[in-house]
Amino acid sequence: MSETVAQIVHPPSAPRRERPELSIVVPVHNEADNLPLLIERLAAVLTPAVRSWEVIAIDDGSRDGSLAVLKLLHAADHRVSAISFSRNFGKEVAIAAGLDHAAGDAVVIMDADLQHPPETIPLFLEKWREGFLNVYGQRSDRAGEGKLKRNFAKAFYRLFARFGETELPEGAGDFRLLDRKVVDALRALPERARFSKGLYAWVGFRSTGVTFEVADRQFGETKFRFGKLFSFAFDGLSSFSTVPLKIATWTGAVIACIATLTAVFFLLRTLFFGTDLPGFPSLIVSIMFFSGIQLISLGLIGEYVGRIFAEVKRRPLYLIGERVGLPAGAVEVQRGEALPPPIGSNLT
Ligand code: UDP
Ligand code: MG
């Protein structure tokens, strides 16, 4: 029997998974040691708390055999499934992939290192059943983190509150429960630079916080060194605020005013008192100063242009290398479907 065109274009997809009540999305980067205990603790907490659950682990280019561990865990319990990226795409992208593949009525996002205690999930569920669609975990303290990181985080939240377009609840991270409605809204957002903390807040919906205590990392060490955090913060600010661009303009304007006043001052002084010394030092200093300002402004504009470039390329957000327990093509979508088709696509 020959296949119909429709069948070739849309091959019959693998039987759709049943929709569990709760999906747990876990980004994984070199967490082989943590995974067995994570699944064990999750199973203990979730089984009495919900009708059905699944864990979707996203192996974000691990090199420590995390994927092999995930395969073993899947063999032992089919509620655990995984996808593995072709390389390291970063935690934000891993979360996006997890949301693409999670089938639950609600989705909890949590770290693999047990810093987000599974025991907090029932509290999330309680709020969800009360009708909150976006329940975020708020850390009660950041004692476990270094002083530098803590101060940096504080400064970031302050900056964001002042200049960002959306309000970020302080201390709220990725550990949270999202209702299906919120997940679908997030998946519909086309952007590549995914600052999810900002996106969670941007989509809105009835939200509330649940405090939890950040536990110590079980095994391994943090993957976010200071430099990575800094670029992450800049990503966040620049995707939710155009103030950095304005800073360049304002600084430029102020400097230009000062320069004009100085010029007038020098002109008058020369007119009334004559000139004494040709001012080489001041000349050099001012040239350097202005070049600096111009470079800063150019750099800022460049950052935004770079981001526009990244969005315009429309590359897929991630590439999947392997799937464990997840049928291909079942739930994937093309991000950015809402965008108009590329120019020229209908010229026939
Ligand atoms: N992670 C990831 N990709 C990365 C870096 C981290 O998926 O490139 C995962 C990591 O496995 C963990 C979570 O993101 O589950 C948080 O990472 P980590 O604990 O290192 O960050 P911290 O808790 O120090 O902020
Ligand atoms: Mg951690």
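Each ligand, and each atom within it, is numbered from 1 in the order the structure gives. Positions are given from 1 along the sequence. Computed from heavy atoms alone, side chains included, the values below leave out hydrogens, waters and symmetry copies.
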Tell me, do [X] and [Y] make a side-chain contact under 4.5 Å, heavy atoms counted?
{"X": "R187", "Y": "V183", "result": "yes"}
{"X": "V108", "Y": "S23", "result": "no"}
{"X": "I83", "Y": "V324", "result": "no"}

Next item on the list: Assess D113: does it contribute an N, O or S atom lying under 2.8 Å from the Mg ion (ligand 2)?
Entry: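 Yes, since at least one N, O or S atom of D113 sits under 2.8 Å from the Mg ion (ligand 2).
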
Need the ligand 1 atom indices (1-based, order shown) with element for anything under 4.0 Å from a heavy-atom of [X].
{"X": "E31", "value": "10 (C), 11 (O), 12 (C), 15 (O)"}
{"X": "A112", "value": "15 (O)"}
{"X": "G90", "value": "3 (N), 8 (O)"}
{"X": "V28", "value": "7 (O), 11 (O)"}

Notebook entry, point to check: If you measure from atom 3 (N) of ligand 1 to every heavy atom of D60, D113, N30, L114, which option wins on shortest distance?
Noted result: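 Considering heavy atoms of D60, D113, N30, L114, the nearest to atom 3 (N) of ligand 1 sits in D60.
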
Next item on the list: Report yes if some N/O of A94 lies less than 3.5 Å from some N/O of ligand 1; otherwise report no.
Entry: no

Item checked: Over-ring placement of R176 relative to Y136, 6.0 Å and 45° cut-offs -> no

Notebook entry, point to check: Is the charged tip of R87 near the ring of F85: under 6.0 Å from the six-membered ring centre and within 45° of its axis?
Noted result: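 Because its charged atom misses either the 6.0 Å distance or the 45° angle limit, R87 does not stack over F85.
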
Note to self: Is the ring pair F212/F175 parallel, tilted or perpendicular, if the boundaries are 30 and 60 degrees?
What the structure shows: perpendicular

Next item on the list: Heavy-atom distances under 4.0 Å are what count here, so tell me which part of I58 touches ligand 1: side chain, backbone, both or neither.
Entry: neither

